[in-house]
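See below for the structure under consideration.
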Amino acid sequence: MSLTLSVDTARSSLQATSEQISVVSRNIARVNDPDATRKKATIVSGPGVGVSIPSIDRTSDQLLFNAYLTANSSNQAQTSITSALDQLQNTVDDTDQERSPAALMAKLSAALQTYSGDPQNSAVAASVVSAAKDLSNSINSAAATVTQVRQQADSDIATSVSNINSLLSQFQTLNNQVIKGTSSGSDITDVLDARDAVLKQLSTEIGIRTVPRDNGDMAIYTDSGVTLFDKVPRQVTFQQTSNLAAGATGAAVYADGVPIAGTPHVMEIQSGKLAGLVSVRDDIAVTYQSQLDSMAGGLINAFAETDQSATPTLPAAAGLFTYSGGPALPPTGTVTAGLANTLKVNPNVDPSQGGDADLIRDGGISDPGNPAYTYNSSNSASYTDRIQSLITSLGDSQSYDPSTQLPSSGSLSDYAKNSVSWLEALRQSASAEADYRSTVAQRATSSLSQATGVNLDEEMTNLLDLERTFQASSRLINTVDDMLTTLLQSFS
């Protein structure tokens, strides 16, 4: 009886060890899967019943997992902002580079100074027009980049919303499997891994927090408290804008009918790629666009022409610089949305368009046929008063809309430099924040992996230990079998 019991125990031990080896082998196969968690066998033994494995446990740490979700969402939001700022930064580079509006304003001022020293030289006058065109083209290009960044952000928001809805649908399928498996007592470890993988992807798109329920059920809320999933997924909706021009407002994002992004609201999300994209579209890019619009308005007003009659009655009109609303001047001290997109050099002074560059010296650019706007009434080739006046106007203080987040008064040149400084400071701050968020996310990932992930060294060590146990049990069975054979032979 004792020998038989020993054999049964050894066989049970062999079976349990074999199952343990199977679990370890599965772990080793999952080493390269970042969403895999470590599994371990639960061994039960008792007198006369041998050894068995009634269940396989899944290593998990909910606190570390939640920390990972939060860190990942914050990192993704900051990454979206930094990427957009990198694109906007290309519009200015450095104030010493030709693409910088501030540098091109300095070049225009220098060209005017040269023209003032040689006012009768039409070629020098044409160089002033060329410098003015470079400046207007630079501001046009910057405004076009802002529009592109906003449009791309709006498109990416639509993609993010689509991904969120798809992930919530996947989560529902997996969550139902978890509930069903928990109720029936079946192995759901792989399903839990798959569900966690969906949550990780979801945290990339939007900041979330999870709430566990009975039978393995789970609810999902945004980081601001709006329901995303509770038994069933809640619909996240967004209407993409096909032409997001300057001044146009992008649509809001709704979850379960509640606005969560794109409009000021108490339930507005704070993290995730979606939050970063909305910040770019509705805040950062809009502010930079307003700064460009203010520069354009400042140029038009600085080079405007006024009625030179003894009794002026005509309104001031756009001179060297004009726009789609010219010859009327844009209002000062307030932003005219889209002004930077339509800024241009007046065709009346552009030789390439049949204009007369000498009108910079003489005046009458706004209306060459109207002598009221002519400054050089004597038609003197050495007349420089108007040129000097334009140089002074570039350095004169103007008023600006405070909503542009720049000083509300100052010279146009200083305003352009302040815009570059604002953009660079914002980019530097965002980059530093992105580095910090990335480090936090990496540490959260590492901590979670160390606590719950598959470690190849550890699993290989377990495998070697189990193989030794398997060999020992095999030897025990062989020894008992030999003893029984010898015993039976002694009675024969």
Side-chain angles (χ1 to χ4, degrees), residues 35 60-84 153-154 156-172 174-175 195-213 217-238 250-284 429-430 433-445 447-448:
D35 296 317
S60 63
D61 190 317
Q62 194 60 44
L63 288 177
L64 282 177
F65 185 71
N66 289 339
Y68 167 84
L69 296 179
T70 301
N72 184 48
S73 294
S74 297
N75 181 43
Q76 293 300 324
Q78 205 60 42
T79 298
S80 298
I81 292 173
T82 303
S83 177
D154 195 70
D156 290 344
I157 289 171
T159 301
S160 181
V161 168
S162 176
N163 291 340
I164 290 171
N165 285 321
S166 175
L167 290 168
L168 290 175
S169 178
Q170 296 175 44
F171 184 87
Q172 180 184 25
L174 295 169
N175 193 63
R195 190 175 72 170
D196 282 354
V198 170
L199 288 174
K200 289 179 179 179
Q201 295 178 61
L202 189 60
S203 71
T204 296
E205 304 293 342
I206 186 172
I208 59 172
R209 63 182 183 88
T210 60
V211 178
R213 304 280 180 82
D217 186 18
M218 182 176 286
I220 308 174
Y221 301 90
T222 67
D223 56 14
S224 58
V226 178
T227 304
L228 288 176
F229 181 91
D230 190 354
K231 305 299 182 183
V232 294
R234 306 303 168 88
Q235 191 69 18
V236 181
T237 58
F238 171 71
V253 180
Y254 294 84
D256 200 21
V258 179
I260 60 171
T263 181
H265 195 272
V266 69
M267 307 299 279
E268 187 174 9
I269 58 174
Q270 304 299 318
S271 60
K273 183 189 298 183
L274 184 58
L277 291 170
V278 170
S279 177
V280 168
R281 186 196 67 178
D282 296 346
D283 182 17
I284 296 171
S429 174
E433 184 68 15
D435 289 342
Y436 168 73
R437 295 296 179 186
S438 177
T439 300
V440 172
Q442 290 173 7
R443 289 182 178 177
T445 302
S447 297
L448 181 63

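Not measured: the values here are computed from a predicted model.
- Checked against salt bridge (charged side-chain N to carboxylate O under 4.0 Å, His left out), Asp230 has the following partners two or more places apart in sequence or in another chain: Arg213.
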Exercise. After noting the C-alpha distance and the side-chain angles of Ile206 and Leu228, does the key distance pass the side-chain contact (heavy atoms from CB on, under 4.5 Å) rule?
Worked result: CA-CA 10 Å; Ile206 186 172; Leu228 288 176; 4.3 Å; yes
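- Of all heavy-atom pairs between Arg195 and Met218, the closest is NH2-CE, 3.7 Å.
- Rounded to the nearest 0.5 Å, atoms CG (Asp217) and CG (Asn175) are 4.5 Å apart.
- Closest heavy-atom contact between Leu277 and Ala153: O-CB, 3.8 Å.
- Looking at heavy atoms from C-beta onward, Ser279 lies in side-chain contact with Ile284 at the 4.5 angstrom threshold.
- Considering all non-hydrogen atoms of both residues, Ser271 and Asp223 come closest at OG-OD2, 2.7 Å.
- From Arg209, atom CZ reaches atom CG of Leu199 across 13.5 Å, with rounding to the nearest 0.5 Å.
- A pairwise comparison of heavy atoms in Asp282 and Gly262 identifies OD2-CA, 3.5 Å as the closest pair.
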Exercise. Stepwise, does the side-chain contact (heavy atoms from CB on, under 4.5 Å) test hold for Tyr254 with Val226?
Worked result: CA-CA 10 Å; Tyr254 294 84; Val226 178; over 6 Å; no
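- By the 4.5 Å heavy-atom criterion applied to side chains, Thr159 and Phe238 are not counted as neighbours.
- Taken to the nearest 0.5 Å, the CD1 atom of Ile220 stands 5.5 Å off from the CG atom of Leu202.
- By the salt bridge (charged side-chain N to carboxylate O under 4.0 Å, His left out) test, Arg234 is found to be paired with Asp256, residues two or more places apart in sequence or in another chain being considered.
- In plain terms, the two heavy atoms of Thr82 and Ala430 that are nearest each other are OG1-O, 3.4 Å.
- The CG atom of Asn75 sits 9.0 Å away from atom OH of Tyr68, with the distance rounded to the nearest 0.5 Å.
- For the salt bridge (Lys or Arg N to Asp or Glu O under 4.0 Å) condition, no pair includes a residue of residues 260-270, sequence neighbours left out.
- Judged by distance alone, the side chains of Ser160 and Glu205 do bring a donor and an acceptor atom under 3.5 Å apart.
- Distance check, rounded to the nearest 0.5 Å: CZ of Arg281 to OG of Ser80 gives 13.0 Å.
- Pairing each heavy atom of Ser73 with each of Gly207, the nearest pair is OG-CA, 3.5 Å.
- The closest donor-acceptor contact from the side chain of Ser74 to the backbone of Thr70 lies under 3.5 Å.
- One distance of note links CZ of Phe171 with OG1 of Thr210; it measures 7.5 Å at 0.5 Å rounding.
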